[in-house]
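Throughout, numbering of the chain's residues begins at 1 and tracks the sequence.
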Amino acid sequence: MSEKTNQQWGGRFSEPTDAFVARFTASVMFDQRLFRQDIQGSIAHARMLAKVGVLSDAERDDIIRGLSEIRVEIERGDFEWSVELEDVHMNIEAALTRKIGITGKKLHTGRSRNDQVATDIRLYMRDETDLILDEISRLQNGLLELAEREADTIMPGFTHLQTAQPVTFGHHLMAWFEMLSRDYERFVDCRKRINVLPLGAAALAGTTYPIDRFYTAELLQFAAPANNSLDAVSDRDFAIEFCAASSLLLMHMTRMSEELVLWTSSQFNFINLPDRFCTGSSIMPQKKNPDVPELVRGKSGRVYGHLVSLLTLMKSQPLAYNKDNQEDKEPLFDTVDTVKGCLRAFADMIPALEARKDVMREAALRGFSTATDLADYLVRKGVAFRDAHEIVGLSVAYGVRTQKDLGEMSLEELQQFSNIIEADVFDVLSLDGSVAARNHIGGTAPDQVRWAVQQGRQMLQARSVD
C-alpha cells in the first residue's frame, strides 16, 4: 500500500497525494535558501494590501511581526522545514498561520505561488549578481596591483603557444583585466532584466483585487512591474542570461587558469603560486600542484551544462507557468555558488602571485621574438614589407642552424642578408627596445601599461561611486 500525505492546498482533491509523489515534487530541500527573499516579498505584499484596503493596519503589522520572527528563527537554525508543505513559500506561510492565527491565511490574497516564486528568484538573483559584481571588481583590483608591479617585467608573448614577440607581464595581466571588464558589463546588463517585478501577475492572469503593483515595485526596489501577467510568471530569460554571462566569465577564467597551470610547470617556471593555493601528491614528495586554477578550469563544465539545462528546460514550453520551471533553481543556484567560489579563489590568489622575472626574460630571448622588430626596422629603411619579411626569414633560418638568436648575431652576420642593416639595428633587437617601441594606447611599453592601470583604477573608482 502506498504511503499517503496531506497538503494545505488539497481542497480540490478527493484523496491525499502519494507520499513518494509529494517528495518527488517537493522543492523545499533546495529552495529554502530563498527564505529571506520570500519574507521580503511577503512583507512588501502585506504593506501593499494594507495600502489598498484589503488588509487592516493591524493585520499588516501582525503579518510583518510574524514574518520577521520567522526570519530570525530560520537564521538561528530553529525552523523545522517540512517536505509535506512542498516549498519554501508554503512552509513559511504555514508557520505564519501557526504564529498569528487566521490573519496569516490572508497574506496570500491577490497573489499565487507562480508570481511569488518568480519574485523570490528575481530578488535572489539581484542580490547574488551584486555580490558577483563586487567579486569581479575585487579580482580586477588584484590584477591592477600585480600589473603595476610587473609593468617592466619582460616575457615572451605567444601565438599558437609559440614565441611571437616580447611583451611585459603587466601588459599580459591587463589583457585579463579587459576580459573581466566585459564580464562585469554583461552582469550589469543582465541585472537590468532581472530587476522587473512579477508580483501581481498571480497565477497567470492577474487579480481582481485593487492591487498597486507600482507601490510593491517601489518597496522592493524593482525598476518597474512586468507588463504582461502571462510572461511575468513564465519568463526565465533572466536566469538563462545569467548563466550565459557566467559561462563567458568562466571561459575567461579557464584561459587564465590554463596559463597559470602552464607557467607554474617546471617547463615554463614563469611564476610561483604561494603554497596555500596548491596541494601536494600522496606519492610524489616533490609535487606542488596548482589545484586552484585547475579546479576553476574544471568547474567551467558544470556552468556550461547549467546553461544548456535551462535552455532545454524552457524549450517549447507553452504559456504560462509549468511545473517544469521548478527545475530552474538547482542549476541556477549551483551556477551562483560556482561563480562566487571561483571568483573568490582568484581574487585571493592573484595578488599573491610571484613572477620569476629572470626566467621570463630568458625565455623571451629564445625563439627569435624580435624578428618582427627587425622587419619593421628594414621597412623604415625603405625596404618593402614583403621583402623585409623574406630577409628576416632567412636571418631566422640562419639562427636556427647556428643556434643564435637575432640579438646574438654579429653585424656582419646580419648584413649577409641585407646590406641596409647597420649598427643601430641592435637597438631594436634588444628586448627592452622592442617592448618600449610599442608605445601607443594598448601597446606593451611599460609607460602604456602604467597608464592602462591608472585607467583601470579610475574605472573601479567610478563603479564604487555608482
Side-chain angles (χ1 to χ4, degrees), residues 150-176 255-272 290 354-440 442-446 448-449:
E150 307 297 341
D152 295 290
T153 301
I154 291 177
M155 67 177 292
F158 299 95
T159 61
H160 308 279
L161 211 53
Q162 306 295 312
T163 298
Q165 291 179 273
V167 298
T168 62
F169 188 36
H171 186 66
H172 194 113
L173 294 167
M174 289 306 294
W176 294 358
R255 297 181 69 186
M256 302 175 201
S257 295
E258 177 70 5
E259 291 184 320
L260 291 171
V261 171
L262 287 172
W263 294 345
T264 56
S265 69
S266 57
Q267 287 72 24
F268 278 80
N269 199 30
F270 282 2
I271 63 170
N272 177 58
E354 299 170 5
R356 293 194 166 102
K357 304 178 193 295
D358 292 343
V359 176
M360 287 184 171
R361 187 178 185 90
E362 194 275 331
L365 287 169
R366 302 192 306 268
F368 308 98
S369 64
T370 57
T372 303
D373 297 280
L374 178 56
D376 291 341
Y377 168 88
L378 291 167
V379 170
R380 286 194 296 271
K381 294 280 188 176
V383 179
F385 181 79
R386 283 300 167 200
D387 294 334
H389 190 284
E390 182 178 2
I391 291 168
V392 177
L394 293 170
S395 304
V396 168
Y398 173 80
V400 171
R401 292 195 304 272
T402 60
Q403 296 186 335
K404 289 183 178 181
D405 195 76
L406 294 171
E408 297 172 328
M409 296 179 191
S410 67
L411 180 59
E412 291 73 19
E413 286 176 302
L414 290 169
Q415 286 178 332
Q416 65 182 308
F417 304 107
S418 174
N419 57 14
I420 292 176
I421 298 174
E422 298 174 328
D424 61 348
V425 72
F426 294 104
D427 294 335
V428 304
L429 293 182
S430 72
L431 296 180
D432 295 291
S434 172
V435 167
R438 295 188 285 280
N439 191 20
H440 53 75
T444 61
Q448 288 296 329
V449 174

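Scored by the side-chain hydrogen bond (donor to acceptor under 3.5 Å, both in side chains) test, Asp152 finds Arg450 as partners (sequence neighbours excluded). Scanning for side chain to side chain contact (heavy atoms under 4.5 Å, CB included) contacts around Ala436 gives an empty result, with sequence neighbours left out. In this view, Phe368 satisfies the ring-ring contact (aromatic ring centres under 6.0 Å, His included) rule with no residue, not counting sequence neighbours. In this structure, the side-chain hydrogen bond (donor to acceptor under 3.5 Å, both in side chains) partners of Asn269, at least two apart in sequence or on a different chain, are Arg356. Looking at residues two or more places apart in sequence or on another chain, you find a side-chain hydrogen bond (donor to acceptor under 3.5 Å, both in side chains) between Ser434 and Asp373, Arg438. Under the side-chain hydrogen bond (donor to acceptor under 3.5 Å, both in side chains) criterion, Glu354 pairs with Asn272, not counting sequence neighbours. Residues satisfying the side chain to side chain contact (heavy atoms under 4.5 Å, CB included) test with Gln415, not counting sequence neighbours, are Leu411, Ile421. Applying the side chain to side chain contact (heavy atoms under 4.5 Å, CB included) rule to Leu365 yields the partners Leu431; only residues at least two apart in sequence or on another chain are considered. With sequence neighbours left out, the side chain to side chain contact (heavy atoms under 4.5 Å, CB included) criterion links Ala363 to Pro156, Phe270, Arg366.
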Just distance, no hydrogens or angles: give the donor-acceptor pairs under 3.5 Å from side chains in residues 381-388, sequence neighbours left out.
residue, atom, partner, partner atom, Å
Lys381, NZ, Glu422, OE1, 2.9
Lys381, NZ, Asp424, OD2, 3.4

Result block: side-chain N/O donor-acceptor pairs under 3.5 angstrom for residues 256-263, not counting sequence neighbours:
residue, atom, partner, partner atom, Å
Ser257, OG, Met253, O, 2.7
Ser257, OG, Pro293, O, 3.2
Glu258, OE1, Arg297, NH1, 2.5
Glu259, OE1, His172, NE2, 2.8
Glu259, OE1, Trp176, NE1, 3.0
Glu259, OE2, His172, NE2, 3.2

What donor-acceptor contacts under 3.5 angstrom involve side-chain atoms of residues 390-399, with partners at least two apart or in another chain?
residue, atom, partner, partner atom, Å
Ser395, OG, Ile391, O, 2.9
Tyr398, OH, Glu413, OE2, 2.6

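Expressed to the nearest 0.5 Å, how far CG of Leu406 lies from CG of Leu414 amounts to 7.0 Å. Put simply, CD on Gln448 and CE on Met174 are 11.5 Å apart, with the number rounded to the nearest 0.5 Å. The structure places CG of Leu378 at 12.0 Å from CZ of Phe417, a figure rounded to the nearest 0.5 Å. For the atom pair Glu408 CD and Leu429 CG, the distance stands at 11.0 Å (nearest 0.5 Å). Interatomic distance, Ser430 OG to Asp432 CG, rounded to the nearest 0.5 Å: 5.5 Å.
No option in Val435, Leu173, Thr153 other than Val435 meets the side-chain contact (heavy atoms from CB on, under 4.5 Å) test with Thr168.
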Could you please spell out the steps behind the side-chain contact (heavy atoms from CB on, under 4.5 Å) verdict for Ile271 and Met360?
-> CA-CA 9 Å; Ile271 63 170; Met360 287 184 171; 3.9 Å; yes
List the steps, then state whether side-chain contact (heavy atoms from CB on, under 4.5 Å) holds for His171 with Met155.
-> CA-CA 10 Å; His171 186 66; Met155 67 177 292; over 6 Å; no
Assess whether side-chain contact (heavy atoms from CB on, under 4.5 Å) is satisfied between Thr370 and Val428, documenting all intermediate values.
-> CA-CA 8 Å; Thr370 57; Val428 304; over 6 Å; no
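Here the closest non-hydrogen pair linking Ser369 and Asp405 is N-OD1, 4.4 Å.
For the pair Thr159 (side chain) and Ala164 (backbone), a donor-acceptor distance under 3.5 Å is absent.
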